[in-house]
Amino acid sequence: MNNKRIYIPLSRKFYLRNTLEVSKDLLGKLLIRKSGNKILAGKIVETEAYIGEHDPACHAYKKFTNRSKTLYETGGTIYVYFVYGKYHCFNIVTEEKGKGCAVLIRAIEPLMGLKSMKINRGKIKTIFDLTNGPSKLCLCLGIDLSYNGGDIAGKELFITESMEKNNFQIYVSKRIGLNSGKDFPYRFFIKNNPYVSKHIFNKEAKLIN
DNA sequence: TATTCGATGTGCT
DNA sequence: GCACATCGAATAC
């Protein structure tokens with residue numbers, strides 16, 4: 001891949017749509033992180049939808065708190081939060097301001113800047129362990145709370161169309177790691193992609209295209 | 001102020 | 001497959 005290529009971020013409009021649609025459409029897109037003249041990038045292979053105040057697993061279910069306030073911003077806002085005392089999760093707000101909806105990026109397939117990613121991440125068993133989890137990819141790309149509330153159509157961290165043709169099949173399953181709202185089929189991932197995070201629920205996943 | 005919990009990851013079995 | 005580290009945020013009181 002050519003580092004000199006100019007990447008055009010998807011506009012905010014892309015995110016001002018139904019959360020499930022955005023979750024599906026993000027698969028196959030490129031997540032780009034620029035730092036100085038370095039480019040770290042990966043293809044999005046797994047996402048989850050969190051759909052506002054009526055979704056028991058969504059942070060907006062418990063109303064407005066200091067942590068969840070950026071979730072109520074307009075679609076295209078970056079929502080990063082801190083969990084389990086040591087990890088970060090990276091989301092993109094969807095739909096109109098005030099809805100409290102977002103897509104969690106759960107896994108990417110690393111494509112550029114693998115060397116830096118490995119340094120950021122620390123020891124791994126195989127290359128497949130590098131970015132196959134929401135907090136793993138945050139570590140690799142250096143995504144932390146300083147990005148919370150930022151614009152996903154910005155310069156440093158953004159998503160762009162893939163240059164490859166996207167001919168893959170999409171599976172949908174239950175979401176990972178929840179205690180409530182666990183039965184909603186809001187997790188999307190690319191069939192047979194080895195960088196998908198967990199294999200739990202994959203057996204019962206359904207093909208949707 | 002006290003207590004519980006968590007959209008995870010790691011390591012061991 | 002399963003236990004558990006870890007600590008900030010949310011909730012209970």
Side-chain angles (χ1 to χ4, degrees), chain A residues 15 19-20 22-24 26-27 31 42 44-73 75 77-95 99-110 117-149 152 157 159 171-190 194-205:
Chain A
Y15 307 96
T19 307
L20 294 171
V22 177
S23 303
K24 274 185 278 182
L26 279 174
L27 294 177
L31 176 60
I44 297 171
V45 297
E46 181 181 352
T47 61
E48 278 179 1
Y50 288 85
I51 312 185
E53 59 183 355
H54 301 299
D55 176 356
C58 184
H59 290 166
Y61 187 71
K62 293 187 178 159
K63 301 288 165 4
F64 193 93
T65 64
N66 191 51
R67 178 169 76 158
S68 68
K69 61 185 176 194
T70 44
L71 187 49
Y72 295 88
E73 288 301 317
T77 300
I78 296 167
Y79 174 45
V80 179
Y81 66 89
F82 194 67
V83 271
Y84 293 107
K86 38 157 61 153
Y87 301 115
H88 295 280
C89 287
F90 168 59
N91 302 251
I92 304 159
V93 177
T94 54
E95 311 198 18
K99 295 286 280 278
C101 301
V103 177
L104 169 72
I105 309 299
R106 281 199 59 88
I108 63 174
E109 175 180 335
M117 289 192 199
K118 283 178 187 163
I119 292 168
N120 293 342
R121 174 96 165 80
K123 64 174 174 197
I124 52 169
K125 281 188 199 134
T126 73
I127 189 67
F128 302 112
D129 291 323
L130 191 60
T131 54
N132 63 344
S135 300
K136 292 178 184 176
L137 68 90
C138 281
L139 270 174
C140 282
L141 300 182
I143 299 173
D144 58 25
L145 285 177
S146 68
Y147 287 91
N148 188 36
I152 193 59
L157 183 64
I159 291 170
Y171 269 120
V172 59
S173 81
K174 295 174 186 175
R175 293 173 290 186
I176 307 282
L178 303 183
N179 284 315
S180 46
K182 39 170 85 158
D183 291 330
F184 296 109
Y186 291 168
R187 169 178 177 245
F188 302 91
F189 60 97
I190 294 179
Y195 296 91
V196 165
S197 72
K198 304 235 180 184
H199 298 292
I200 181 173
F201 301 143
N202 283 12
K203 253 196 197 159
E204 54 196 74

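Each chain gets a letter, A, B and so on, in the order its sequence line appears, and its residues count up from 1. Small disclaimer: the values here were computed from a predicted structure and weren't measured.
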Only residue of A/V103, A/D144, A/I105, A/L104 satisfying side-chain contact (heavy atoms from CB on, under 4.5 Å) with A/F90 is A/I105
If you measure from the Lys or Arg side-chain nitrogens to the Asp or Glu carboxylate oxygens, is any gap between A/E46 and A/K198 under 4.0 Å? no
Sugar-phosphate, base or nothing in reach of A/R175, heavy atoms under 4.0 Å: nothing
Paired nucleotide for C/dC2 [Watson-Crick or G-U wobble; both distances under 3.5 Å]: B/dG11
Nucleotide C/dG8, atom P - distance to CG of A/N148 in whole Å: 17 Å
Whole angstroms only, please: what is the CD1-P distance between A/I92 and B/dA7? 19 Å
Taking CZ from A/F82 and P from B/dG9, how many angstroms apart are they, rounded to a whole number? 13 Å
Among the candidates B/dA7, B/dG11, C/dT11, find the nucleotide nearest to the side-chain atoms of A/K62. C/dT11
Nucleotide B/dA7, atom P - distance to NZ of A/K182 in whole Å: 12 Å
Please state whether the phosphate of B/dA7, meaning OP1 or OP2, lies under 4.0 angstrom from any side-chain nitrogen or oxygen of A/R187. no
Atom CD of A/E48 and atom C1' of B/dT8 are separated, to the nearest Å, by 12 Å
As a test of reading the structure: which of B/dG9, B/dG11, B/dA7 is closest to the side chain of A/K123, going by heavy atoms? B/dG11
Does the side-chain ring of A/Y84 sit on the six-membered ring of the B/dG9 base, less than 5.5 Å centre to centre and under 30° in tilt? no
Taking atom types as modelled and ignoring hydrogens, do the side chains of A/N202 and A/R187 form a donor-acceptor contact shorter than 3.5 angstrom? yes
Over how many whole Å does the gap from A/K136 atom NZ to B/dT10 atom P extend? 5 Å
Go through B/dT8, B/dG6, C/dA10 for me and flag the one nearest to the A/N66 side chain. C/dA10
Take A/P134 and A/G85, find for each the nucleotide of DNA chain B with the closest heavy atom, and name the residue whose nucleotide sits nearer the 5' end. A/G85
With the side chain defined as heavy atoms from C-beta on, A/C58 is closest, among B/dT8, C/dA10, B/dA7, to B/dA7
Using a heavy-atom cut-off of 4.0 Å across all strands, would you classify A/N91 as base, sugar-phosphate, or nothing? base
Whichever of A/L145 and A/Y87 has its nearest DNA chain C nucleotide further upstream toward 5': A/Y87
Hey, does the side-chain of A/Y81 have a donor or acceptor N/O within less than 3.5 Å of a partner on the base of B/dA7? yes
Within this structure, what is the CG-CG distance for the pair A/N148 and A/N91, rounded to the nearest 0.5 Å? 9.5 Å
Of the nucleotides B/dG9, B/dA7, C/dG8, which has the atom closest to the A/R121 side chain? B/dG9
Is A/Y195 close to A/I127 at the side-chain level, that is, under 4.5 Å between some pair of heavy atoms? yes
May I ask you to decide if the ring planes of A/H59 and A/Y81 are parallel, tilted or perpendicular, using 30° and 60° as cut-offs? perpendicular
Atom CZ of A/F90 and atom C1' of B/dA7: how far apart are they, to the nearest Å? 14 Å
Select one nucleotide: of C/dT6, C/dG8, C/dA9, the one nearest the side-chain heavy atoms of A/K86. C/dT6
Rounded distance in Å - OH (A/Y61) to C1' (B/dA7): 16 Å
